[in-house]
Amino acid sequence: MLSSSDILETTFQSLGKGGTNMKLKYEDSYLYRLRHSAAHLMAQAVTELYPGAKLSIGPPIENGFYYDIDFPSPLKEEELESIEKRMKDLAKLDQRIERTEVSRDEAKALILDATIPGMGDAVAEYKLELLDAIPEGEAISFFEQKRMDRDGVQHRFLDLCRGPHVESTKEIKAFKLTSIAGAYWRGNVKNKMLTRIYGTAFESKEELEAHLAHIEEAKKRDHRILGRELGLFMFSARVGTGLPLWLPKGAQLRMTLADYMNHEQMRRGYQPVVTPHLGSIKLFETSGHIYNYRDKMFPFMEDDEKETFILKPMNCPFHIEIYRSQMRSYRDLPVRYAEMGTVYRYEQSGEVTGILRARGFTQDDAHLFVRPDQLLEEFTSVVDLMQAVLKKLELTNYRARVGTKDPTSDKYIGDDENWTLATEAILKACDDKGLEYEVSPGDAAFYGPKLDMIIKDALGRDWQMGTVQVDYNLPERFELEYIGEDSKPHRPVMIHRAPFGSLERMIGLLTEQFAGAFPFWLAPVQVSILAIADRHNDLASELMVKLRDAHGMRVEIDTRRETLGKKIREAQMQKIPYMLIIGDKDIENNTVGVRCREEGDLGAMSLEEFVSKTKE
RNA sequence: GCCUCUGUAGCUCAGCGGCAGAGCACUUCUUUGGUAAAGAAGAGGUCACGGGUUCGAUUCUCGUCAGAGGCUCCA
């Protein structure tokens with residue numbers, strides 16, 4: 001048995017060797033310093049071009065850097081060009097970037113020194129706040145860029161900063177300011193919104209060009225663009241923000257994914273349930289969602305009897321009602337209820353992103369009601385399912401994150417013993433299944449620890465997909481029970497889990513992952529039969545029926561009076577795995593001309609040969 | 001919700017204070033073709049919507065709606 005301190009120890013170990021390992025390396029790299037210095041250079045340019053601009057913080061980030069600045073008047077995007085130009089000029093001056101360590105009083109004096117650009121009480125309020133936040137006993141340092149102009153006047157720019165930096169501004173040669181955004185001071189909505197300027201920097205111009213080209217390339221595989229081009233889904237302003245309409249091919253894709261998941265779950269002893277899209281508010285009063293989730297719910301509905309209904313933002317309370325509908329014995333547990341449950345969440349307008357973040361979406365949801373002694377086994381089984389799913393979907397660029405309790409916060413409910421048991425079960429399940437993970441204290445739900453799968457989209461943004469959560473709260477609120485061996489009532493533990501996360505998000509991520517070229521089993525259309533001339537149409541239809549009925553394939557025929565070249569081009573752009581080309585020779589020899597999406601023309605073969613090829 | 005940007009044909013985009021443009025897609029005609037775009041003609045628009053400025057607004061300006069990149073939040 002692990003004690004709490006052991007868990008903490010494990011936490012630190014996995015922080016060190018897990019997914020954050022790469023990051024530590026990056027933080028020690030020259031590139032990291034270069035980007036940090038580029039942020040300072042930008043700040044220097046800004047203080048010269050915009051007197052009155054207040055600097056706050058400017059760190060390096062994964063693909064570049066940013067600086068949050070409070071401008072006296074709104075910054076226009078076109079102004080980035082002039083800032084960039086000023087940066088280029090300043091960089092060439094070969095300003096040394098020097099570190100000086102000072103006492104707290106000296107630091108304060110420097111910050112309030114209005115003779116230094118960017119300093120003085122008129123513009124340095126954020127720097128003062130940052131200074132105050134530096135813990136007692138920690139070194140306080142500034143980094144300074146100095147230069148002499150033609151008239152012998154010295155110009156200084158210095159910034160409160162831990163560093164480290166490169167030695168001279170002339171090292172900053174390959175950079176670009178990429179975008180402008182708003183960001184709250186210290187990330188708090190209640191604070192003032194500052195202007196964030198994003199930029200990127202590399203050691204060479206070639207690397208910078210390559211990076212920018214890569215981004216352009218990545219934009220082409222954006223799921224919203226491919227979603228339209230491939231006929232997967234659409235949005236309509238008349239339907240509403242964040243509410244996707246699924247087109248035939250996208251709907252097929254959903255069904256294929258859902259079928260796969262249902263099959264995997266059935267093998268693991270899940271039982272299907274179906275519950276309504278809305279329900280009485282009473283259900284959500286009992287669950288407590290109404291009290292801490294209300295701003296994420298669509299407006300309530302009242303009927304004539306003054307009963308209030310809400311669109312469900314989650315499925316759990318419905319599944320709980322089914323659990324409660326009969327007396328449960330310890331022998332009945334675990335009970336596993338699964339549903340492709342469509343939920344509605346009123347996301348803020350600015351945060352809806354295609355189908356990756358929609359207002360109506362379908363979770364591959366299930367709730368497991370388990371005895372405490374079954375927690376480990378059941379959690380392990382869920383991890384096993386998740387690994388199977390990731391493998392089947394060929395997803396590799398994911399990371400697993402165990403969200404644990406932040407010991408310093410009091411937002412969590414439930415007793416420590418349960419938390420420890422649940423956290424141990426999660427860690428052990430992951431270890432047993434050989435799943436590498438990082439531990440993230442403070443990322444637990446308020447009702448229990450959880451395991452999340454996180455994946456990057458085409459543009460490198462993190463998205464949470466699969467999730468498994470242990471919950472002690474809802475069983476308590478709904479007073480769930482089972483009768484134990486001792487013939488006394490006991491409280492079950494709930495596990496919430498959704499290996500895909502949602503069908504919408506998963507399809508969005510898969511679309512980007514495969515750039516629309518889905519593997520054969522998943523492709524909405526698997527085979528397109530191209531008839532060369534009208535006289536081959538009958539054979540094409542015949543073959544379609546054969547492949548559909550005898551082999552269960554999803555087949556389309558193209559009998560338009562277009563040239564073969566054009567039909568091939570279009571099928572290729574639709575990323576259809578196989579094309580069967582039918583002409584006179586095929587009628588004569590009883591063959592089909594096979595063309596593969598990846599490998600091109602495979603030549604003529606019998607239909608049987610083709611079918612066995614698709615099964616490889 | 002907040003900051004910045006965008007909205008012109010089904011799609012990708014030019015354009016402009018004075019009659020609305022291209023390519024692809026669509027329709028019709030010719031072409032019946034063997035591995036990534038045959039040829040021709042035609043049709044298609046309240047320039048997102050609503051105010052304001054102006055002799056005149058798709059163009060300038062304000063507001064609304066929708067979309068994008070961020071922030072916050074999240075599957």
Side-chain angles (χ1 to χ4, degrees), chain A residues 66 68 70-71 74-80 178-198 219 222 224-225 228-229 234-242 293 295-296 313-314 341 343 345-359 361-365 445 452-455 459 461-467 469 496-506 508-509 530-537 561-573 579-586 593-597 600-604:
Chain A
Y66 69 79
D68 284 348
D70 187 357
F71 282 89
L75 187 72
K76 299 275 170 226
E77 212 158 80
E78 60 208 33
E79 295 173 61
L80 289 185
T178 48
S179 66
I180 190 165
Y184 298 102
W185 168 234
R186 304 208 137 176
N188 190 331
V189 202
K190 291 186 187 116
N191 290 341
K192 182 162 187 186
M193 182 161 266
L194 311 177
T195 302
R196 173 170 298 180
I197 303 175
Y198 280 98
K219 280 183 186 162
D222 185 309
R224 288 162 296 199
I225 293 172
R228 192 189 53 242
E229 287 175 358
M234 60 169 280
F235 289 92
S236 157
R238 267 205 286 259
V239 174
T241 298
Y293 214 77
D295 57 342
K296 278 290 174 75
M314 55 258 308
V343 296
R345 298 184 185 174
Y346 195 77
E347 305 290 352
Q348 294 177 56
S349 61
E351 58 193 15
V352 172
T353 305
I355 53 170
L356 290 182
R357 185 91 178 263
R359 280 181 171 170
F361 60 95
T362 303
Q363 296 178 308
D364 55 327
D365 212 357
D452 293 324
M453 297 294 177
I454 294 156
I455 192 165
L459 288 172
R461 296 175 296 201
D462 274 343
W463 291 95
Q464 183 188 317
M465 36 176 204
T467 181
Q469 308 178 359
H496 309 247
R497 36 107 290 166
F500 291 153
S502 74
L503 287 172
E504 285 74 10
R505 185 171 286 180
M506 185 48 78
L509 293 168
L530 314 184
I532 290 176
D534 290 349
R535 62 180 177 281
H536 310 123
N537 289 357
R561 305 184 67 175
E562 296 288 354
T563 57
L564 180 62
K566 181 155 181 166
K567 291 180 181 184
I568 289 175
R569 181 180 154 80
E570 288 181 7
Q572 195 73 41
M573 290 196 304
M579 290 165 234
L580 294 188
I581 292 149
I582 309 298
D584 291 338
K585 283 188 237 164
D586 301 290
V594 178
R595 186 186 163 97
C596 166
R597 181 177 64 192
D601 190 0
L602 299 181

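Every value quoted in this text rests on a predicted model; they were computed, and no experiment measured them. Order of the sequence lines fixes the chain letters, A, B, ..., with proteins taken first and strands second; residue numbering starts at 1 for each chain.
- Here B/rC19 is in the syn range [glycosidic angle within 90° of 0].
- Nucleic acid contact for A/T195: none, since no nucleic acid atom lies under 4.0 Å from a heavy atom of the residue.
- Here A/R569 does not reach the OP1 or OP2 of B/rU35: none of its side-chain N or O atoms lies under 4.0 Å away.
- Distance CZ (A/R228) to C1' (B/rC24): 13 Å, rounded to an integer number of Å.
- The separation between A/E229 atom CD and B/rU12 atom C1' is 10 Å, rounded to whole Å.
- When the P atom is used for both B/rA57 and B/rG52, the distance is 11 Å, rounded to whole Å.
- Atom CG of A/L80 and atom P of B/rG70 are 15 Å apart (whole Å).
- Comparing atom distances between the A/Y198 side chain and each of B/rG70, B/rG34, B/rC5 picks out B/rG70 as nearest.
- Backbone-only contact: A/R461 has heavy atoms under 4.0 Å from sugar-phosphate atoms and none from a base.
- For A/T353, counting side-chain heavy atoms from C-beta on, the closest listed nucleotide (B/rA36, B/rG69, B/rU35) is B/rG69.
- No donor-acceptor distance shorter than 3.5 angstrom exists from the side chain of A/R505 to the backbone of A/Q363, with no hydrogens or angles considered.
- For the P atoms, the distance linking B/rA9 with B/rA14 amounts to 12 Å, nearest Å.
- Among the atoms of the strands shown, only primed sugar atoms or phosphate atoms (P, OP1, OP2) are found under 4.0 Å from some heavy atom of A/G565.
- Comparing B/rU61 with B/rC5, their P atoms are spaced 12 Å from each other, to the whole Å.
- For A/Y346, the OH atom sits in a loose shell: 12 or fewer heavy atoms of surrounding residues, nucleotides or ligands are nearer than 6.0 Å.
- Going from atom CD of A/E570 over to atom P of B/rU35 covers 17 Å, rounded to whole Å.
- Base pairing of B/rU54 is not made with any nucleotide, judged by Watson-Crick or G-U wobble geometry with both donor-acceptor distances under 3.5 Å.
- Atom CD1 of A/I532 is separated from atom P of B/rU35 by 8 Å (rounded to the nearest Å).
- Distances from the side chain of A/M573 to the nucleotides B/rU4, B/rG1, B/rA36 place B/rA36 closest.
- Distance noted for atom P between B/rC26 and B/rG10: 14 Å (whole Å).
- The phosphate of B/rG1 (OP1 or OP2) has a side-chain N or O of A/S349 nearer than 4.0 angstrom.
- Among the heavy atoms of the strands, none lies under 4.0 Å from A/K567.
- For the pair A/I532/A/D584, no side-chain contact is recorded, criterion being any heavy-atom separation below 4.5 Å from C-beta on.
- The interatomic distance linking A/M579 (CE) with B/rA37 (P) rounds to 12 Å, in whole Å.
- A distance of 8.0 Å separates CG in A/L80 from OG1 in A/T178, rounded to the nearest 0.5 Å.
- Across B/rG70 and B/rG44, the matching C1' atoms stand 38 Å from one another, rounded to whole Å.
- Judged by atom type and distance alone, A/R595 reaches the base of B/rA36 through a side-chain donor-acceptor pair under 3.5 Å.
- Residue A/G508 is out of contact with every strand shown, counting any heavy-atom pair closer than 4.0 Å.
- Backbone-only engagement by A/V352 is indicated by non-hydrogen atom pairs under 4.0 Å involving sugar-phosphate atoms exclusively.
- In this model, a side-chain donor or acceptor of A/D586 finds a partner on the base of B/rG34 within 3.5 Å.
- Counting to the nearest Å, the P atom of B/rG69 and the CG atom of A/L75 are 20 Å from each other.
- Searching all strands for a Watson-Crick or G-U wobble partner of B/rU4 with both distances below 3.5 Å returns B/rA68.
- To the nearest 0.5 Å, the span separating CE on A/M314 from NE2 on A/H496 amounts to 8.5 Å.
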Tabulate protein N/O versus nucleotide N/O from nucleotides 72-75 of chain B, keeping only pairs under 3.5 Å, one per line.
from: B/rU72; atom 1: N3; to: A/E351; atom 2: OE1; distance (Å): 3.3
from: B/rC73; atom 1: O2'; to: A/K296; atom 2: NZ; distance (Å): 3.1
from: B/rC73; atom 1: O2; to: A/E351; atom 2: OE1; distance (Å): 3.0
from: B/rC73; atom 1: O2; to: A/R357; atom 2: NH1; distance (Å): 3.3
from: B/rC73; atom 1: O2; to: A/R357; atom 2: NH2; distance (Å): 2.1
from: B/rC73; atom 1: N3; to: A/R357; atom 2: NH1; distance (Å): 2.9
from: B/rC73; atom 1: N3; to: A/R357; atom 2: NH2; distance (Å): 3.3
from: B/rC74; atom 1: O2; to: A/R505; atom 2: NH2; distance (Å): 3.4
from: B/rA75; atom 1: O3'; to: A/Q464; atom 2: O; distance (Å): 3.3
from: B/rA75; atom 1: O3'; to: A/Q464; atom 2: NE2; distance (Å): 2.5
from: B/rA75; atom 1: O3'; to: A/M465; atom 2: O; distance (Å): 3.2
from: B/rA75; atom 1: O2'; to: A/Q464; atom 2: O; distance (Å): 3.0
from: B/rA75; atom 1: O2'; to: A/M465; atom 2: O; distance (Å): 3.2
from: B/rA75; atom 1: O2'; to: A/R505; atom 2: NH1; distance (Å): 3.4
from: B/rA75; atom 1: N6; to: A/E347; atom 2: OE2; distance (Å): 3.4
from: B/rA75; atom 1: N6; to: A/A358; atom 2: N; distance (Å): 3.3
from: B/rA75; atom 1: N6; to: A/A358; atom 2: O; distance (Å): 2.6
from: B/rA75; atom 1: N1; to: A/A358; atom 2: N; distance (Å): 3.3
from: B/rA75; atom 1: N3; to: A/S502; atom 2: OG; distance (Å): 3.1

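- Comparing the same atom, C1', in B/rU46 and in B/rG7 gives a spacing of 15 Å after rounding to whole Å.
- Looking at the side chain of A/P74, the nearest of the listed nucleotides B/rU4, B/rA37, B/rA66 is B/rU4.
- Side chain of A/A533, nearest nucleotide from B/rG33, B/rA66, B/rA36: B/rG33.
- Base-pair partner of B/rA38: B/rU30 (Watson-Crick or G-U wobble, both distances under 3.5 Å).
- In this structure, A/E562 atom CD and B/rG33 atom P are separated by 15 Å, rounded to whole Å.
- The phosphate of B/rG69 (OP1 or OP2) has no side-chain N or O of A/T178 nearer than 4.0 angstrom.
- Here the separation of B/rG23 from B/rG39, taken at their P atoms, is 12 Å to the nearest Å.
- When all heavy atoms of A/D364 and A/S502 are compared, the closest pair comes out as OD1-N, 4.2 Å.
- The side-chain heavy atoms of A/T353 and A/R224, taken from C-beta on, include a pair separated by under 4.5 Å.
- Spacing between B/rG67 and B/rC49 at atom C1', rounded to whole Å, works out to 15 Å.
- Proximity of A/I355 to A/F361: side-chain heavy atoms (C-beta onward) are nowhere separated by under 4.5 Å.
- By the 4.5 Å heavy-atom criterion applied to side chains, A/L75 and A/I197 are counted as neighbours.
- OP1 or OP2 of B/rC5 has at least one side-chain nitrogen or oxygen of A/K76 nearer than 4.0 Å.
- Nearest nucleotide to the A/D584 side chain, out of B/rC71, B/rA37, B/rG34: B/rG34.
- Within the 4.5 Å cutoff, the side chain of A/E229 has no heavy atoms near those of the A/M573 side chain.
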